[in-house]
Amino acid sequence: MNTEHLDVSAYRTAEKLLRHNRAQLVRGGRVRPQWIGDDGRFWYTVDTAAGRRFILVDPAAGTREPAFDHARLAAALAAASGQDVDAAALPFAAIEPCDDAVEFDAFDAHWRCPLDTYVCEKAEPRMAGGFLDVTSPDGKQAVFLRDHDLWVRSYEDGSERALTTDGEADNAYGTSPFSPTVLLNKVGVPHLPPALAWSPDSTRVLTHRTDMREVRTTHLVEAMPADGGAPRLLTQRYAFPGDERLPLGSFVILDVTTGEAVPARTEPEPITLMSPITTKWAWWAEDGSAVYYLSQSRDVHTLSLHRFDAATGEVSTVLTESGKTRVEPHQLMAHAPTVRVLSGGDEVLWYSQRDGWGHLYLYDAHTGEVRGQVTSGQWAVQEILHVDEERRVVYFIASGLVAADPYRRSVCRAGLDGSGFARITDDELDHVVTVPRSGRYFVDSASTPDTPPTITVRGWDGRVLVELERADISGLIATGWTPPEHFRVKAADGVTDIHGVIYRPHGFDPDKSYPVIDHPYPGPHMRRVSASFEPGPFGFDAEAVAALGFVVVALDGRGTPGRDKAFHDASFGNLAAAGGMEDHVAALRQLAADRPWMDLDRVGIFGISGGGFATVRAMCAFPEVYKVGVSEAGNHENRNYLTAWAEVYDGQDEEAYARSSNVEIADQLEGKLLLVHGGMDDNVHPHLTMRLVDRLIAADKDFELLIVPGAEHLFLGYEHYVTRRRWDFLVRHLMGVEPPEGYRLAPAPFDLQLVADVFG
């Protein structure tokens, strides 16, 4: 029996690199603008050597300054409240800047602090909306969900009244087919805010009634209810691929003053996952005369834009595009559509991949005919940022213009007539951009995986109006972290270029040999590797595992989004190969050919959700390569998973589902496998792992199984335990040593930002 233990310092360092800790090691790496009205100003917070600071920015004046004197405000609040107040860690997270004061909530009260006297006094709050309120643009009222109906609340007098009265269970207003019920219950929130959009003049709301009454029901068993009683059943409406009955949404416009309802005079729209209002597939015209919304055929071969007249309820089809494979308004499933209605409803700026790349086309909204192609070339539009209709110019994000990495994003412009294309950010960096409601400028974070962010406010001519932050990564470097290495290799076809990154182990010595970890997320709806310095939702775990002493490889194989249509279409009707696990194998062999420190006799793999699926897929399809794996919350049997995922990629083809089933290839497992699933996972249900377990047992295969009874899909509240078990498994079976004896990770604080990132 091996009694050698990995040095405890490796676990301590790895823990510092987990998502909830890593942010403390990078100062000034992200700016989240909080807009102040429509005048272009905003505030944000930044962690500095002196503590957290609130910063006020006026791009028009080119100024960036503290929103107030932090030391004076801390002293004033301490004097007024009788509480200890640290200027480096003020007891509030948000402010309301006024002309001559700042307001905030602290110590269960609302405070106002004039900036000439710095004498804090309690004040009446402005009745800002809570989490469950959807506040009107003028800030005077909000709509919220009560039981199954919508209600409106006045912020001026606190009065409430019903907007609808006929909502019922499984046929309610403003609900999405999927809601993270288990996660919300953990934080004491009964449901998501209602899916609705206010009209620009704050007089009406767009919503839909969501009919789930005939949708398939499925169940979870809450093994340990909080009250200590017997196990309870949690029942969900949850459509499987091929089900005849899907959730249906009937659009309706409600006048918040009169209660008058204008229903859309058309058939209800299928809604497979999230509300089209939440995903921005439905939106108000700028003048409030109509609502526009997108619909996609169930086989995803046809995409249409419709106009819903706000006065009459009449629905007309503005334009339609069909294709041989999926026709989509963006390659990333969760991204807002790359579509804009212009000229008061006369024109449409439309995204299409008809020439093999994602580009913009200008349509006549009355005839549905193409007026011209706005952008073209072997690169892809990723997002419309702003349209200057007076100058007839569109500003947008494009990828594929940086030779070193086709995923890096550039800010560009083009005339609506197709002329005048130019790169506004003409450099080799990746640009993450935020645009205010006014559209006067953009906030730009420029970086690469090995270049820390520089964050500025820029005009549409590219000129820097004001610099905000230059990230300080000295804390990150002090851990032993080194930037990931970008690589380009050939896919398994020997022709197609694929890209990824290598994370070297801490204390790397090229004369040593290291076990290798593949960390996949196979798409096809999102990418695994980030083009920016921020490692992305999966990169934190990869960095941490590298700190344990592994070489970690991450890449985006054929079938993943972000490039040309043919590259993405490799996953169409072929979910079995989504993310190109054969491409991963090809990449590992090419990388190791000139990196002798990569030991391909010791290759492991781990991932969550789609990455959990890919982990088992790789171990069963390529057992000669992958010897050890940890699969968390994997969707191993897609014919029993969400319609919104499986049908988009494999349609209703039973043979395709058989090909993509890990259950069907379970008898090919040879290596060491740990399966992990949350007992209350209401997204990827635990029975998808249990089906795999049953087949592994039937095939007389050895494996390990960890069920976390109270955990949902993200393992929130249990991450420390699941992470430690993952590390222990990889260390034991790939390094051949024992984990540090008795080491335990500290529980992570509840990550509201992670929830927001995942559920929008």
Side-chain angles (χ1 to χ4, degrees), residues 241-242 246 269-270 272-273 281 293-306 317-335 337-339 348-363 367-382 399-400 406 491-493 495-498 522-527 556-580 582-583 638-639 642-660:
L246 301 178
E269 284 291 320
T272 54
L273 186 65
W281 278 48
Y293 67 91
L294 295 168
S295 68
Q296 193 175 45
S297 61
R298 187 163 180 175
D299 66 4
V300 303
H301 288 267
T302 300
L303 182 70
S304 299
L305 174 66
H306 308 278
T317 300
V318 178
L319 63 93
T320 295
E321 181 178 347
S322 297
K324 294 180 180 179
T325 59
R326 56 191 164 211
V327 177
E328 51 199 346
H330 199 285
Q331 284 193 354
L332 300 177
M333 181 183 284
H335 200 285
T338 313
V339 177
V348 177
L349 197 54
W350 181 258
Y351 170 90
S352 173
Q353 300 176 79
R354 67 191 62 175
D355 71 354
W357 295 86
H359 282 297
L360 299 177
Y361 296 76
L362 191 65
Y363 274 77
T367 66
E369 298 297 321
V370 180
R371 289 184 175 176
Q373 186 167 350
V374 177
T375 63
S376 61
Q378 294 189 356
W379 47 271
V381 173
Q382 298 294 341
S399 63
D493 64 3
V495 176
T496 307
D497 285 341
I498 55 175
H525 66 304
M526 63 184 295
R527 290 177 44 228
D556 288 298
R558 289 169 296 165
T560 54
R563 291 171 58 177
D564 59 280
K565 182 168 176 57
F567 191 91
H568 194 209
D569 271 353
S571 59
F572 186 75
N574 190 26
L575 196 55
E582 63 176 350
D583 292 347
N638 286 304
R639 52 190 150 198
L642 283 165
T643 304
W645 163 261
E647 277 197 13
V648 169
Y649 303 109
D650 274 350
Q652 299 184 46
D653 182 350
E654 282 299 323
E655 293 184 2
Y657 285 114
R659 290 194 301 270
S660 71

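Being a predicted model, the structure only gives us computed values, none of them experimental.
Taking the side chain as every heavy atom from C-beta outward, Leu362 and Leu349 approach each other to under 4.5 Å. Gln652 has its side chain out of reach of Pro241: every pair of non-hydrogen atoms, C-beta onward, lies at least 4.5 Å apart. With contacts defined as side-chain heavy-atom distances shorter than 4.5 Å, the pair Leu575/Tyr657 does not qualify. The side-chain heavy atoms of His335 and Met526, taken from C-beta on, include no pair separated by under 4.5 Å. Taking the side chain as every heavy atom from C-beta outward, Pro524 and Trp645 approach each other to under 4.5 Å.
The minimum heavy-atom distance linking Ala644 with Thr272 is given by the pair CB-OG1, 3.4 Å. Between Asp564 and Gly356, the shortest heavy-atom distance links the atoms CB-O, 3.4 Å. The two residues Gly557 and Phe567 make their nearest non-hydrogen contact at O-CE2, 3.3 Å. Closest non-hydrogen pair, Trp357 versus Ala380, comes out as CE3-N, 4.2 Å. Between Thr338 and Tyr351 the shortest heavy-atom distance is O-CB, 3.1 Å. Contact detail for Pro337 and Pro329: the closest heavy-atom pair is CB-CB, 3.7 Å.
In this structure, OH on Tyr363 lies 12.5 Å from CZ on Arg371, to the nearest 0.5 angstrom. Annotation: the span from Glu269 atom CD to Tyr293 atom OH amounts to 5.0 Å, rounded to 0.5 Å.
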Chi angles and distances behind the side-chain contact (heavy atoms from CB on, under 4.5 Å) call for Val648, His525: CA-CA 10 Å; Val648 169; His525 66 304; over 6 Å; no
Step-by-step side-chain contact (heavy atoms from CB on, under 4.5 Å) determination, Leu305 to Thr317: CA-CA 6 Å; Leu305 174 66; Thr317 300; over 6 Å; no
Step by step, would you call Glu328 with Gln296 a side-chain contact (heavy atoms from CB on, under 4.5 Å)? CA-CA 8 Å; Glu328 51 199 346; Gln296 193 175 45; 4.2 Å; yes
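Between Arg326 and Asp569, at least one side-chain N (NZ, or NE/NH1/NH2) sits under 4.0 Å from a carboxylate O, which counts as a salt bridge. Taking 4.0 Å as the cut-off between side-chain N and carboxylate O, Asp556 and Arg563 do not count as a salt-bridged pair.
When atom types are taken as modelled, the side chain of Thr375 and the backbone of Leu360 share a donor-acceptor pair closer than 3.5 angstrom. In this structure, Tyr649 contributes its side chain and Ala576 its backbone to no donor-acceptor pair below 3.5 Å. Thr302 contributes no side-chain N or O that, together with a main-chain N or O of Ser322, makes up a donor-acceptor pair within less than 3.5 Å. Judged purely by atom type and a 3.5 angstrom limit, Asp650 has no side-chain atom pairing as donor or acceptor with the backbone of Ala646. With Ser304 contributing its side chain and Thr320 its backbone, the two residues share no donor-acceptor pair below 3.5 Å.
For the side-chain hydrogen bond (donor to acceptor under 3.5 Å, both in side chains) with Thr325, the qualifying choice from His301, Lys565, His568 is Lys565, the only one to do so. Remark: of the listed residues Val370, Val339, Val348, Val348 is the sole one forming a side-chain contact (heavy atoms from CB on, under 4.5 Å) with Leu319.
The aromatic rings of His359 and Trp379 sit perpendicular to each other, their planes meeting at more than 60°, with 30° as the lower class boundary.
Between the side chains of Trp350 and Glu321, at least one donor N or O sits under 3.5 Å from an acceptor N or O.
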